[in-house]
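Working notes for the structure below.
Chain naming here is simple, since letters A, B, ... match the order of the sequence lines and numbering starts at 1 in each. Atom set for the values below is all heavy atoms of this structure, side chains included, hydrogens, waters and symmetry mates excluded.
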Amino acid sequence: MLDAVDLTCEAGEIHALVGENGAGKSTLAAIAAGELSADTGEIERNGRIGLVHQHFALIDRLCVWENVVLGREPRRLATIDRGAARAFVRDLGERYGLDVDPDALVEDLPVGIRQRVELLRELARDPSILILDEPTAALSPGEVERLFSTVARLTQNGVGALVITHKLDEVFAHAERVTVLRRGRVVERRPVAEITRDQVARAMIGGDIPSIPSHQPTNGAVVVRVEDLAVPGAIEHLSLHIAAGEILGVAGVEGNGQSALADALAGLTPFRGTIDRPAAIGIIPQDRLLEAVIPAWSLVENAMLGRERAAGNGSWRIDRAAARAQCTAIVERFDVRTESIDAPLATLSGGNQQKLVVGRALIDNPAFVIAYNPTRGIDIGATATVHGELLAARNRGAAILLVSFELDELFALSDRIVVIARGALRGEFTDRHFDRDAIGRLMVSA
Amino acid sequence: MTLSLVLSLLALALVRGTPILLASLGGVLSERAGIVNIALEGEMTAGAFAAALISFFTRDPWIGAIGGVAVGAAVGFVLGFAATRWRVDQIVAGMGINLICTGGAAFGLIFVFNQAGVTPQVPAINQALWPLVILGILLAAVLQWALSRTPIGLRLRACGENPHAARAAGIDPLAVRLAASAIAGALAGLGGVFLALGELNLYSDGMIAGRGFIALAAVIFGRWTPLGAAGVALIFGLLEALQFALQGNIAWLPSDFLQALPYIAALIALLGASGRYRPPAAEGKPYP
Amino acid sequence: MKRESMKALLLGTLGVVAAMSLAMLASHVSPILGFNAFFYGAFGGKQEIAETLASTTALLFPALGIAIAFRAGLFNIGAEGQLLVGGLLAGWIGTRIEVAPALAIAAIFLAGAFGGAVWGAIAGWLKAARGANEVISTLMLNFIAASLALYLVTGPLRAPDAAGPELSLLPHAYWLPTLLPQTRATIALPIALLLAFALRYVLNRTWFGYRLRAAGEAPEAARRAGISLSRVALSAMAWSGALAGMGGAALVAGELHRFNTQLSPGYGFIAIAVALVGGLEPLAICVAALAFGALESGGLALQAAAAVPKDAIHVIEGLLVFALAARRYLGARGATTQ
Amino acid sequence: MRILARAISACALAALVISCAPSTESGRGLSLGMVTDIGGLGDKSFNDSAYRGLLHAHRLLGAHISVLQSRSAADYQPNLEALANERFSVIYAIGFLMSKDLDQIAQDHPHTHFAIVDAVVNEPNVVSITFREQDGSFLAGALAAMMSANKHIAFLGGQDIPLLHKFEAGYIAGAREIDPRIKVDAKYIGSFDDVAAGKELADVELNDGADIIYAAAGKAGMGAIEAVETRRGAYAIGVDSNQDGLAPGKVLTSMVKRVNVAVFDVAKAYQDGKPMHGHVVFGLREGGVSLTNFKYTRAKIGPARIARLARIRAAIVDGRIVPPATLRALATFRPVKL
């Protein structure tokens, strides 16, 4: 994974570690924090290194203060001093501007707040260095600003912050130094002031950035119509429509009704109101490992998921030759890199797994596609492939609902963007005239 | 129905429910730590047999009782060890333990007493029956409190929900799971002791009669909380007591139906509960 | 085959043999004599082999049924009750119809399958419609089945000639044809083997089996791919019960020739171990059922020759379960170090 | 590959088979085989009683003996078959549930002598032994009615099956013989194994006001004896074996069913060259059923009651009283003026 990497992070600095997915950033972070051990080399720590995980390592069914004090509980006789624990969490929150209700159950919290809890948990352990692994992946622009102001406050107190990211905007806005990792090796390390964006990007991927196909104007009839949709506890009075050959982007902070909207459109959750959509539909779920694939199964079997009856051509048995042919078609057309279509899917990189998921959703040319964070956690090359295929589907006349927490992705792909907050649409931007600041404000509107 | 009849019914419900309650508390502990425990039946059997055996040879029922609890704990330890260190599938291990314990006790009867089926009468602790009932209920309350209020309880829950996060917080999930499984065995063993030395004064093949499995149902019905499981165990005891009382008094209702009453009631309760039964998130999953 | 796997296998087998020897020594029997009796009891002659095959058959049906449910992610511990209800219905139909023997046998098996399917489907429906935990419901249904069967055979369905909790004998013509004359090895065994192959085919080659496996392996992914988890739960439990119920029918028509409430010594529970030891793979389950069948019939012979009690065989079965589970662990570790 | 690995692992067990060789008993002299029913040895009841008869024959007649226990109804046939194949002189089937299996096996082994307890099998080489349990139970009921201070007595059964109805009907009739208006509770545990449930159910009956409990529930009946131990003025009546010593002074008597006597008699007759045939009924007259001799309770009961019991016994023996054997017959039973 990693090969002769050396890295220093000094007290009081924000050090950005960038690289494509699979470059070894998370592994490096885990080794630094002592969660994994390296084969050779050594880690020199002055004090504790805290790690804020990419996929938050919180215990969902414990409340905030329980997560924060776990393993070092304040005691009163044999019991946990709950008053002290709550006060401790509140004080810590105030000191770093991380405002959280100590008694909230973690599983009830939106992603942005969960990250604060994760931060609090690490801060409670007085780290000398804090590693943040992809901290902004699911945050709204406002929350990103807030996070970095917290980090800045930390560095003023003498803590070193190593921020792992692939968003170059953040690097150039907040970091003092940047280290670029590619295929487990350090390929570039410089103060931010001495390097350009383009240089960093080239260093990351070791070549030119793939380009995304261009938008061609289309003018289709409306194929998806949602009127007055309501999903209990998530969405109220939501209406929208999508035309053939159109990508409708949905911007919003995670947990504001996007999942309910996608599920209602996919027919996975009960709803009130009317949904008018084509029967043929391709779905790219948001959580690949949990919702989209069966990692222990082969590519062939994964390629059939949801299309298993089609693989039998209507008969009760599965035509294995046809299934293999279809899988091969997906692998070839969507550039899934694998040694064999019979290999377990788990042996593939995340990007290649995702390409299979996208291919499965698009191969039958459905008239309607739901894409939910289709490029979350995959590398630039795979991202480019996925974006290209989504645009190709659009250009063939598919209506596409694109839910993404990355505004850049929405801006690059969408024909139209709606902003969702607290279960309702708060604004619409048409004709590819997207105003980042206005969208950011609407995302956090009540 | 007179007051004394109601009281005797409630008393019977408590006696009937307590062994199930004790085993279900064990089940709650081990499952909250992340170990599926279908071995409760075997642990109760081992506890009951060992208690009768030791009481017979030492002529001291208290040593017998302690021995029964210890043997239950040892069986729980074996389950925990297989599940954590060997990473054996927990359900498979539990099945194996049930088979070994029931078979082993039957075999032990022949080997030790040279008679099949049942031990001779042994010194018992019948006078401790009610203290044990009260102990069971107190234990449920104490465990409820300990799980939510003490550092150990918090750490145990953390291991059942997300052992990786627990590890990151400096807790050894394997040790916690092993300990929880052993304590669970001890509690189930105490359930067996209650039957063999508290209510009766012997061990007899088949005397556990599915109580360990009912305890497992109580764990799930009680939503993995000590008080919940205890409540379900006692309600189950009450239904059995009712069944006992009604038999012969309702001529048109066959006794077989009445005997099935508690189980039918449980099914109906399942219907109504419309199950948001969420087991601990990492239950049954080996770590690491 | 990997060396570690072989080593673990050898260790496991040795462990079981050592445990059996200890058991025999403890009951003052020379292990040589004991093993002799054990293997003679399991494989020593036509009658012994037939008994082993009869136990194999009795375990194979419910084990295959359990595998269906487990593969769908449903922990069906109700095979015992499903077997009982299936056997009851089979035994009742068998005494009620008068048709050609082949038809009657088909009807008996169908009745068994139907009875078991209904009993399994109750738990499946509870799961599908109400989200009820199948562990509790199948467990409760076991107790209810036992009470129901006892009530019916001593009450409404009581046979005029019955002294105990059983129905009348089936007409001789409806008894299952035997594989070996004068034994209890019947055509139920090839039927079960056929079912195992069919099950393997269904699981691997049909969209129904695919959905079942997907729902078991990754329920959320399956649900999002449009597979109805409720429908899978209902059908998997019904089929699971149907196979267990056919096991009851096989016992009724092949071994007892009548329904008796005590027709099973817990086959439905031992079959869980059989299914797990067989790794939930139909063909491997056949092999596991043979091993357990040999243990059952060899164990029965052991008590005759060596006065080892009837339940001691459970110890050996338990150790076997442990040994094979540990073998898988050791084998897996071997695989990762390579 | 994994399937292969599993197959080999199962076969490893089978590999030891090679050592096997027949170990049949040579069967010189008198050899007695016995198949228990599911209750098995240690039931403190009729399996144990039969076993005592066997041991007696071993000591007095020098017989070689062997006992096979059954775990389910499906085990009866192979167990009987195994003994028949080992050429035992006399093979005992202990329990009415074996009648259908024995009928078949007796035909297959016409030169082997069989005996069955509690059922009638009409084959030339089978002697059927039944007991008039209702007679002994009648005496137990009469004693209970005389001893009850509350005029309220109880019956505790194992499972609600016809065989136990003989006990229940005789007991209730005997009580009515003494006091036509006496209150009798009859409850069933639903199990012969669950000793604790036996105790709890007995407690319910005691709490309802009954002060004498007649427990016909195998091992579970021991729970009833425990229940009366701590209650002042409450007594139990044991069943099948002499249980008076389990709680001296608290078990009024036991309704002994002398399976041991019958078993021994059959063996003795065989050795004497005059094997028994047909249906042999063991009633009060034959000493097949009786109450024990009140070793611990004679003083409590008193000579007047014991004399009255003797009069009732004589009336049953000479046919003036016919104790009912079913609950239906009980409904029409009228006390007889002596």
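In this model, no donor atom of one side chain and acceptor atom of the other lie less than 3.5 Å apart for Ser240(C) and Gln82(C).
Note on ring orientation: taking the six-membered ring where Trp is involved, the planes of Phe236(B) and Tyr263(B) are tilted (angle from 30° to 60°).
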(message) Show, in sequence, the C-alpha distance, side-chain angles and deciding distance for Phe113(B) and Phe56(B), and conclude whether the ring-ring contact (aromatic ring centres under 6.0 Å, His included) test is met.
(response) CA-CA 10 Å; Phe113(B) 300 105; Phe56(B) 178 81; 4.9 Å; yes
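Interface residue Leu150(C): backbone and side-chain heavy atoms are both found under 4.5 Å from chain B. Heavy atoms closer than 4.5 Å to chain B are found in the side chain of Leu141(C), but not in its backbone.
In terms of non-hydrogen atom pairs under 4.5 Å with chain C, the most contact-rich of Asn114(B), Leu258(B), Ile214(B), Leu216(B) is Ile214(B). Ranking Ala93(B), Ala82(B), Pro262(B) against chain C, the residue ahead of the rest is Ala93(B), based on heavy-atom pairs under 4.5 Å. The candidate with the highest count of non-hydrogen atom pairs below 4.5 Å against chain C, out of Leu99(B), Ile97(B), Ile264(B), Ile91(B), is Leu99(B). The residue among Leu267(B), Ile100(B), Leu261(B), Thr102(B) with the most heavy atom pairs within less than 4.5 Å of chain C is Ile100(B).
For residues 36-53 of chain B, the side-chain hydrogen bond (donor to acceptor under 3.5 Å, both in side chains) pairs, not counting sequence neighbours, are Ser30(B)-Asn37(B).
For the pair Phe269(C)/Asn98(B), no side-chain contact is recorded, criterion being any heavy-atom separation below 4.5 Å from C-beta on.
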